[in-house]
Amino acid sequence: MLEIYTKNMDGTWFAVACSQQKVVTTSFGETQQSALSHILSNLPYNMSFQVLHNPTNFAEAAITVLKTVYDGKDADLNLQLETADLSVYTKKVLKITSAIPVGYVSFYGAISKAVGGSPRAVGNVMAANPFVPIIPCHRVVKSDLTLGSYSSGGINVKFELLKRERRGFTSSRIISINGEKLVVVPVELILKNHTRTSPWANNKCK
DNA sequence: TGCAAACCATAAC
DNA sequence: GTTATGGTTTGCA
């Protein structure tokens with residue numbers, strides 16, 4: 001039986017769905033309803049579940065990880081994620097995305113070069129990411145250094161997440177995961193670019 | 001800059 | 001099966 005647990009921390013609702021000591025999907029949102037409905041949209045249509053009022057230790061621990069990542073802190077990502085139902089391609093994209101360190105971002109195109117497929121296909125995987133923000137799809141941006149989009153909350157949320165992940169890095173680097181190489185650049189580059197071009201950051205529309 | 005075409009894994013018919 | 005849809009990129013005017 002799938003168990004769903006939601007919790008409000010510092011004004012944001014976090015939600016996890018777990019089964020057999022594994023995380024099946026996660027979410028967060030402004031309201032309990034938005035977090036919950038996002039969770040449900042990631043589940044098969046008629047899967048049965050129960051909403052926990054008293055969390056298991058595992059659910060509580062999972063929520064804590066969500067909150068830690070959300071706050072831009074370095075998290076210990078030792079959670080078991082249930083990926084059995086995902087396609088091979090999706091798993092590859094999620095895996096390489098999870099290797100992007102805090103304080104850096106990468107690009108849709110860079111990821112598609114590493115794992116195959118096209119930038120759009122990578123974007124599709126991100127949009128359907130079952131493990132936000134544990135799998136840091138907010139660290140994937142467009143190659144022109146603009147944010148792109150963010151389906152779980154919009155680009156304002158993406159921007160805030162990245163802002164909290166600033167670590168003061170100054171140069172890009174290449175990380176290697178399973179022999180595949182991926183360029184990552186300091187998140188500061190994106191923040192700088194965003195404040196310069198964003199309509200709401202400088203009070204100007206265009 | 002702005003637009004159009006190519007990109008390719010999924011979801012929806 | 002086939003078509004439609006993107007969290008994109010690139011090239012060309």
Side-chain angles (χ1 to χ4, degrees), chain A residues 12 15 24-30 34-35 37-47 66 69-70 72 81-165 172 174 177-178 180-187 189-202 204-206:
Chain A
T12 300
V24 176
T25 176
T26 62
S27 169
F28 66 90
E30 220 178 336
S34 65
S37 67
H38 188 215
I39 282 266
L40 295 178
S41 70
N42 284 334
L43 298 177
Y45 173 61
N46 51 8
M47 175 175 263
L66 291 196
V69 176
Y70 180 82
L81 304 181
E82 180 56 82
T83 58
D85 292 333
L86 304 175
S87 73
V88 172
Y89 184 75
T90 298
K91 278 189 269 199
K92 267 164 90 174
V93 172
L94 293 183
K95 178 156 195 187
I96 201 160
T97 303
S98 68
I100 303 172
V102 179
Y104 290 93
V105 298
S106 190
F107 310 111
Y108 298 98
I111 291 176
S112 73
K113 274 195 191 121
V115 304
S118 74
R120 283 218 119 140
V122 172
N124 282 334
V125 173
M126 298 303 168
N129 178 13
F131 306 109
V132 286
I134 298 178
I135 304 265
C137 57
H138 57 279
R139 291 181 205 144
V140 182
V141 298
K142 298 202 338 182
S143 59
D144 63 0
L145 298 182
T146 61
L147 285 175
S149 306
Y150 193 62
S151 56
S152 59
I155 53 173
N156 280 338
V157 172
K158 189 171 186 173
F159 181 61
E160 292 299 322
L161 283 168
L162 291 177
K163 223 161 65 175
R164 291 195 286 270
E165 294 189 347
S172 43
I174 295 179
I177 165 127
N178 290 3
E180 285 145 353
K181 292 193 188 331
L182 182 71
V183 291
V184 295
V185 305
V187 65
L189 281 184
I190 278 63
L191 299 174
K192 202 171 76 184
N193 186 277
H194 192 66
T195 41
R196 199 170 58 231
T197 58
S198 128
W200 57 83
N202 56 13
K204 262 194 284 183
C205 278
K206 272 203 163 175

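Naming: A, B, ... by sequence-line order, numbering from 1 per chain. When reading the values below, keep in mind they use all heavy atoms of this one structure, side chains included, and skip hydrogens, waters and symmetry mates.
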Pair A:Ser143-A:Tyr108, side-chain donor/acceptor within less than 3.5 Å: no
Once you round it to whole Å, what is the distance between [atom2] of [N] and [atom1] of [X]?
| X | N | atom1 | atom2 | answer |
| --- | --- | --- | --- | --- |
| A:Lys113 | B:dC7 | NZ | P | 14 Å |
| A:Met126 | B:dT10 | CE | C1' | 15 Å |
| A:Ile155 | C:dT8 | CD1 | C1' | 15 Å |
| A:Asn124 | C:dT8 | CG | P | 9 Å |
| A:Asn42 | B:dA11 | CG | C1' | 14 Å |
| A:Asp144 | B:dG2 | CG | C1' | 13 Å |
| A:Tyr108 | B:dA9 | OH | C1' | 15 Å |
| A:Asp85 | B:dT10 | CG | C1' | 15 Å |

Measure from NZ or CZ of A:Arg164 to the centre of the six-membered ring of A:Tyr70, then state whether that distance is under 6.0 Å and the direction lies within 45° of the axis. yes
On DNA chain B, check which nucleotide each of A:Pro119 and A:Ala128 is closest to and give me the residue with the more 5' one.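 The residue mapped nearer the 5' terminus is A:Pro119.
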Report yes or no: does A:Tyr89 contribute a side-chain atom to a donor-acceptor pair with the main-chain N or O of A:Gly116 at less than 3.5 Å?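 Judged by distance alone, yes, a pair lies under 3.5 Å.
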Exam field: side chain A:Asp144 to backbone A:Thr146, donor-acceptor pair closer than 3.5 Å: yes
Considering only heavy atoms, which members of residues 89-98 of chain A lie under 4.0 Å from some atom of DNA chain C?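 By residue number: none to list.
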Using a cut-off of 4.0 Å on non-hydrogen atoms, how would the nucleic acid contact of A:Ser143 be classed: base, sugar-phosphate, or nothing?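 Sugar-phosphate only.
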Counting side-chain heavy atoms from C-beta on, which of [options] comes nearest to [X]?
| X | options | answer |
| --- | --- | --- |
| A:Ser87 | B:dT10, C:dT8, C:dG6 | B:dT10 |
| A:Arg120 | B:dA6, C:dG7, C:dT9 | B:dA6 |
| A:Ala121 | B:dA9, C:dG7, C:dT9 | B:dA9 |

Phosphate OP1/OP2 of C:dT8: any A:Ser118 side-chain N/O under 4.0 Å: no
Measure the shortest side-chain to side-chain distance between A:Leu147 and A:His138 over non-hydrogen atoms and say whether it is less than 4.5 angstrom. no
Is the number of heavy atoms from other residues, nucleotides or ligands within 6.0 Å of CD (A:Glu160) greater than 12? yes
Could you please name the partner base of C:dT10, counting Watson-Crick and G-U wobble pairs only when both distances are under 3.5 Å?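 Pair assignment: C:dT10 / B:dA4.
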SB check A:Arg139 A:Glu165 (cutoff 4.0 Å):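 So A:Arg139 pairs with A:Glu165 through a salt bridge.
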